[in-house]
Each structure stands twice: as C-alpha cells, then as structure tokens.
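Right, one structure below, let's go through it.
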Amino acid sequence: MTSTTEPDLLAGADATLRDAITEADVPPLMATVAYLTGDLSVLRPELGPDPMRMLEPTAGIEPEQLAEARDLAFETLRRWRDAGRPAPPVPSAEALTEMLEFVVGGVPMADYRELFLEELGLDGADLRAPAWHKDDIAPDTDFRVLVIGAGMSGLLAAHRLQQAGVDVIVVEKDRDVGGTWLENTYPGCRVDVGNLFYSYSFAQSAEWPQHYSQQATLLDYFRRCADELGIRPLIRFSTEVVSLTFDETTAHWRAELRAGDGSSDTIDAHAVVSGVGQLNRPNLPDIKGMDTFAGPAFHSARWRHDVDLTDKRVAVIGTGASAAQLIPVIAEQVDKLSIFQRTANWLAPTPDYQDAVSPRQRQLLCDLPSYAQWSRFWLFWRNAEGMLPLVGVDPEWEPKDRSVSAMNDLLRQLFTAYLEMEFADRPDLLAKVVPQYPPSAKRVLRDNGIWARTLKRDNVELITEPIAEITPSGVRTRDGVEHDVDVIVYGTGFEASRFLMPMRVTGRGGVDLHEQWHGDARAYLGVTIPEFPNLFCMYGPNTNIVINGSIIFFSECEVVYILESLHWMLASGARAIDCRRDVHDEYNVRIDAGNRARAWGASDVNSWYKNAKGHVTQNWPFSLLEYWQQTRAFNPSDYEAL
C-alpha cells in the first residue's frame, strides 16, 4: 500500500523534524537512525529498553534517557539530511544483529536476523513471494487449487498462488471479502494488535488512522488488497462449500457447493486450501429458556443494527474480547446495562488503544525511511516474542492457581496494580474484576481505562452471580433475582474448536475428518492431516497466537509452506501428498507438551483455547521464530507421495 502523504518531514525546518521525534518510540527510532546513516554509535545500551519492563509505556527507558536519545537522533538525522540523504549502506550481518539487539534490550538476536530481513522488507523486496512459477516447472500439467474463504488467510493464499502461476478459484460464503472484519460489525469492534504488525508484510501502510484500527478500516484494507492484487475476479461470492470428497482414482478433491439462491454446483480441484479460520461460527451458550425471551436477542457477531438500544434495558452475557469492546459504547446509549460476567479478564494497560495516530507520528511513519518497518519489529517483539518468557510454567512454583512462575507472578503483580489503580475508589468492583487465575491462561484484553470508567457508570451493573435461566422478561440468576431487560446480547465468543465445520470432509478410504478428529482437532504444523492428501489448513489446529502476536504472521508462514509443498509436487510429478501418521503424531506430542508448559495449558480456568475435552487445540506454545523455521521448507520425507 502506498503513502499519500507528501514527504516534507526531512525537507522542512529543523523544528518540524525535532517536533516529530518527540513522539517517536525510541527503540525503533534509534535503529532507524543507525540503519539510515550506518552510525552504530547511536545504539547506546543505556538508551535502550529494559527487556523486563516491555509492558511499561516507555519499556523502562527513563525520562532523561528518552530526552538524550531524541536529541542524539535529531542531530544525527540532521547531519544525514544536510549531507543529501545518502542511500543507506547495506548493513553487515553483525551490524543488523546489533540493531535488532538494541531494539529488544540486548536479547541475543542472531537467530532472528534472517526472519526479520524477510519480515521487514527493508529494501522494499517481498522476500516471501514464491521463487518459482508453474510455467517453468510443469507447464503442461493441469493443476487447480480451491481456496475456501476470502478473509485474511484466503486472500493471502490466492495472491501467492496467483504469483506462482497456479490456477486458483476462491469460494466465499459471504457477499464480500474480509472474513471476520466483514461479519463482526458490533459497536466498538477493533483489532487488539497494532496495525503495523496486523497487516501483510508485502502490503504495508503507514497511514492507519488509529494505532488499533476499527472494523471498518480493516475491512477497507482487505477490500483494497483484494482489488489491488487482482484477487476479486477469482472469487465466487455467496457460495458455501457443503462437502469435500477425495477421489483416490484421480487424486482430486470434489467440492459440493451451495449458492445463496439455493442452487448447487461442484468443483474439482487438485488441492484445497481451507481459509475458514477458527473464529467464524458464533458460540451461543447453553442456558435454559433462551428461546422464551420476548425481546430481541442476538450474538455480537450477528449484530442487529435494526434494534435501537437507545434508552433500553440491555443485558450483555459475557465479558470476553468482543463484549469488552462493545460494552463501553452501548453503555452511553442505554437506560440500564446489566453485564453478566462468568470470568474476569486480565487487562494490559494500553494508553493508545483507541487513539488516533497523530500528525507527527504519521510524518515519521510516512517520511522517515525504514521507521515504519522498525516500528513493526518493535511491535513484534514487545507484544509477542518478548513476552513468551512471562507465560512459561515453572514446575517447582507454588501455588499455580494464581501464577505459574516467578516471571508470570511479576506479570500478575503488574496487572493487579493496574486494576487496583483503576478501581481504587470502588472496592466493590475491584473484588469482581481481579482474576483468580494466572495471566495469559485466557486472552489478555487491552485497556486504556475505559473498562473501569464504564463499570463505574450509574447505569451499569456488573453481575457475577451465575445465570440460572433466561425468562420471557430477562435473566434470572441463581440467587433468584430477576433482571428485567428489553434486549439480550450474547458476547459469548465462537466455536473455535470445531475446525472446518460444518463442511463434511471425506478423505482416503472414506475416512470422515470430523469422525477422525472426534472433537479433538490436530494437524501437522497446523496445516496437513493424515488421510487427507492435498488438503491444507490455514489458522488450523494449534496455530493461534496468545500474547497479542499477529495471526497474519502465522498465515504468511503457512502459505510459504503450502506453496513449497505444491512446488515439490509439481516438480516431482507427484499427484498428491499425504502426511505420514507417525510424523503427525510425534509433532502433536511435542505440541501438547509445549502447551502444558504454558499458563493456558497448566491452568484449569475456562477458556476458548481448550475444547470440550480440556485439550488445547488452538494455541501455538513456542516462539514465532520456531514456527517460521519449521514452515520455511517442505520436507518430502514427512509425506507419502501418491
């Protein structure tokens, strides 16, 4: 995505540059200065972040050091500008490593160097694009890929397949692209990952209006990607895949389709990529009497825009991610808001969660070469990779019901202190909002103070008494209290564990996928499944991020792996590949052990991370680096060629 801002930051007065620098994040700023000028002396350790304080607003950099770093950055950039802005010298491997290590506070980064050259694209190159083309390796071979879904993952898969010259067709059940950002239109819907990271590595934009964009902005981004990348003509909209059946004679998949008008069709494909995701089917709770309520009742993912909540008595059941976003918005409209909470959430202090990107910040992102890329890396580390040590389980740590290690307990103390500060004047609410489980055992929510402000409103009540039943007039709790309401909103999440539902998927030997899984979905690398040749999942089992990493990163890794798999098949002449059962099983033993060694696996708190059997089928327990390493190349010995 290209910038529309005129590049005037470096061409203007010194005061313009200095003012912009006052709003820069110092770690990516100093790496930018070193990268542009080749002057590594600006990377002074005392001016960098503290890796143990990454969640603090300045990552532990004290005010005096912030001022010193900004002065140093200004003077160095001013000299570089006055010298005519010479092209950045190509950094050596050692120099690049030093830049990366400065940004992360001295953590060794040699293993990450190649990943971030690829992820950041500092020279503008798309290093994840396929390095092969079908016309060069199998020009006479018919090969069609069916992509199911035109959300973030499906668009990405279609783009890469098109780049490789592979015939591709996309089937999308909705009327437009966007997936979750098309379907979720509830008030306050936004992403909880900074947009510089929650965007394709090859389609970056420095002009996001907010740090954490709202639904409409994200939908517009994916629509523009579909248009600019030429994907829209490949898509059959308002069409759902009813079933997939593998034909062992032809090694083709046969897809039965149902259009919105009720008509049916079939497509034969040599391979299928499922981009349906984990969070595409709303989960409605099993509460007695739900069908008896006399007023409007709907799930947050199926928002009823025809229902005016103004001056109504509204119940919101659930306080997870979606509910926590919509509750503050509708609280300003309704007469009374009754919030029914089963489990409290840990909140990560995020002061800029709802803030616009300021003009100065936008100037830096648009006009200071490589600052946007280094800021993307800063988000990657600060919100994902750098947080992993905080959620590891120490087997000797006791008690494990509140935290799972000394570092996890430090995180608990930080989050608890934040809640105590926010609810200092309301001890009655504080007792309800402090979770009784380890941080990151459930999704940690972002907050800029709006949760406390909302719960303190005179027209808002937080109810923690369990629900007994829904009645014609409202919600009755187990203490016998009847909460009369006009509207019920279910903020109860998604059926995340029901992968690829409701499609019927039949593989080799007539094996039914859902019977094979038996409610316990597993896949090799989250991508391939034994007995289901040439079926590739995106956002499949155990590829969910937990500590606010970007799922787009995982999808890009998965697509690299899928394209390398297809490359090998086309080059070798194999009709299909089927993941070996022993490889799949050994992999999942390691995944399960890894999840048990994380807060979300060790805790017994209710969470959508686990299926009905208590098995963590969603989460990736290791580093993002490890997933990137495992998906970079296709290993034919992991598969049976057909």
Side-chain angles (χ1 to χ4, degrees), residues 151-152 173-193 195 198 209-223 277-285 287 290 293 295-343 345 347 350 353-354 442-448 450-451 453-455 457 459-462 470 475 485-496 548 551 608:
M152 177 276 293
K173 64 180 175 60
D174 286 322
R175 67 191 182 282
D176 201 354
V177 303
T180 190
W181 302 112
L182 176 70
E183 296 180 0
N184 285 269
T185 60
Y186 59 82
C189 180
R190 70 173 64 236
V191 72
D192 62 359
V193 178
N195 267 122
Y198 190 85
Q210 295 178 302
H211 297 281
Y212 300 85
S213 287
Q214 294 177 307
Q215 173 264 337
T217 300
L218 291 160
L219 178 57
D220 180 64
Y221 172 79
F222 290 113
R223 281 173 168 166
Q278 297 181 18
L279 308 178
N280 64 323
R281 301 284 171 178
N283 176 52
L284 287 170
I287 301 175
M290 286 176 59
F293 182 63
F298 49 90
H299 191 276
S300 61
R302 300 292 183 265
W303 193 264
R304 289 274 304 276
H305 292 279
D306 61 318
V307 177
D308 185 2
L309 300 183
T310 304
D311 298 329
K312 297 289 197 307
R313 299 168 301 171
V314 178
V316 175
I317 296 177
T319 54
S322 299
Q325 290 181 340
L326 69 91
I327 283 169
V329 179
I330 67 172
E332 298 181 357
Q333 305 171 250
V334 305
D335 174 56
K336 182 179 180 182
L337 182 60
S338 300
I339 305 168
F340 294 85
Q341 173 185 281
R342 180 174 63 172
T343 310
N345 298 297
L347 305 179
T350 310
Y353 183 42
Q354 296 179 320
K442 289 172 66 75
R443 180 76 170 176
V444 175
L445 306 184
R446 294 195 178 278
D447 181 62
N448 60 353
I450 198 169
W451 189 241
R453 293 194 298 272
T454 300
L455 296 190
R457 292 177 62 100
N459 68 330
V460 173
E461 180 181 13
L462 179 64
I470 305 296
V475 181
V485 298
D486 304 307
V487 181
I488 296 177
V489 176
Y490 293 101
T492 48
F494 298 86
E495 295 181 340
N548 292 317
I551 192 59
W608 68 269

ask   = Do other residues, nucleotides or ligands put more than 12 heavy atoms under 6.0 Å from the NZ atom of K336?
value = no
ask   = Just by modelled atom types, is the A496 backbone N or O under 3.5 Å from a matching donor or acceptor in the Q278 side chain?
value = no
inquiry  = Could you check whether any side-chain heavy atom of I330 comes within less than 4.5 Å of a side-chain heavy atom of V314, counting everything from C-beta outward?
reply    = yes
task = Could you walk me through whether I339 and I327 pass side-chain contact (heavy atoms from CB on, under 4.5 Å), step by step?
result = CA-CA 8 Å; I339 305 168; I327 283 169; 3.6 Å; yes
request  = For residues V485 and S338, report the shortest heavy-atom separation together with the two atoms involved.
outcome  = CG1-OG, 4.5 Å
ask   = How many angstroms lie between CD in Q325 and CZ in R446, if you round to the nearest 0.5 Å?
value = 11.5 Å
inquiry  = If we count only N and O atoms by modelled type, under 3.5 Å, do the side chains of Q354 and Y212 hold a donor and an acceptor together?
reply    = no
request  = Compare every heavy atom of Q210 with every heavy atom of N195, then report the nearest pair and how far apart it is.
outcome  = OD1-O, 4.0 Å
ask   = Which pair of non-hydrogen atoms, one from L445 and one from A324, has the smallest distance, and what is that distance?
value = CD1-CB, 3.6 Å
key: Student check: side-chain heavy atoms of L218 and Y198 closer than 4.5 Å   = yes
Flag, side chain of H299 to backbone of G493, donor-acceptor distance under 3.5 Å = yes
task = Mind listing the closest non-hydrogen atom pair of D447 and I450 along with its distance?
result = OD1-N, 3.4 Å
ask   = Does the gap between the ring centers of W608 and F494 come in under 6.0 Å?
value = no
query = Salt bridge or not for D486 and R313, using N-O below 4.0 Å?
reply = yes
inquiry  = Contact between P282 and R302 at the side-chain level, heavy atoms closer than 4.5 Å - yes or no?
reply    = yes
key: Heavy-atom side-chain proximity of I551 to V193 below 4.5 angstrom   = no
key: Heavy-atom donor-acceptor pair, T492 side chain to N283 backbone, under 3.5 Å   = yes
task = Would you sort out whether T343 and K442 count as a side-chain contact (heavy atoms from CB on, under 4.5 Å), showing the intermediate values?
result = CA-CA 10 Å; T343 310; K442 289 172 66 75; 3.9 Å; yes
Heavy-atom check, side chain of V444 versus side chain of L347, under 4.5 Å = no
message = Is any side-chain heavy atom of R453 closer than 4.5 Å to one of N448?
response = yes
query = When you look at R223 and D176, which way does the salt bridge (charged side-chain N to carboxylate O under 4.0 Å, His left out) test go after all the steps?
reply = CA-CA 8 Å; R223 281 173 168 166; D176 201 354; 2.7 Å; yes
Exercise: identify the closest heavy-atom pair between T185 and L182 = CG2-O, 3.5 Å
Axial cation check for Y353 ring with R190, 6.0 Å and 45° limits = yes
query = Hey, is the main chain of T319 close enough, under 3.5 Å, to the side chain of N345 for a donor-acceptor pair?
reply = yes
inquiry  = Walk me through whether F298 and W303 qualify under side-chain contact (heavy atoms from CB on, under 4.5 Å).
reply    = CA-CA 7 Å; F298 49 90; W303 193 264; 3.5 Å; yes
ask   = Judged by atom type as modelled, is there a donor-acceptor pair below 3.5 Å linking the side chain of N184 to the main-chain atoms of S300?
value = no
key: Stepwise side-chain contact (heavy atoms from CB on, under 4.5 Å) check, E461 with L337   = CA-CA 6 Å; E461 180 181 13; L337 182 60; over 6 Å; no
inquiry  = Regarding R281 and E183, does a basic nitrogen lie under 4.0 Å from an acidic carboxylate oxygen?
reply    = no
key: Heavy-atom side-chain contact between V334 and T310 under 4.5 Å   = no
query = Looking at M290 and P285, what are the two nearest heavy atoms and their distance?
reply = SD-O, 2.9 Å
R342 CZ: over 12 foreign heavy atoms closer than 6.0 Å = no
query = How long is the span from the CG atom in N459 to the CD atom in Q333, to the nearest 0.5 Å?
reply = 11.0 Å
query = Given side chains that start at C-beta, do those of I470 and I488 come closer than 4.5 Å, heavy atoms only?
reply = yes
task = Find the distance between CG (D174) and OG1 (T180) and round it off to the nearest 0.5 Å.
result = 10.0 Å
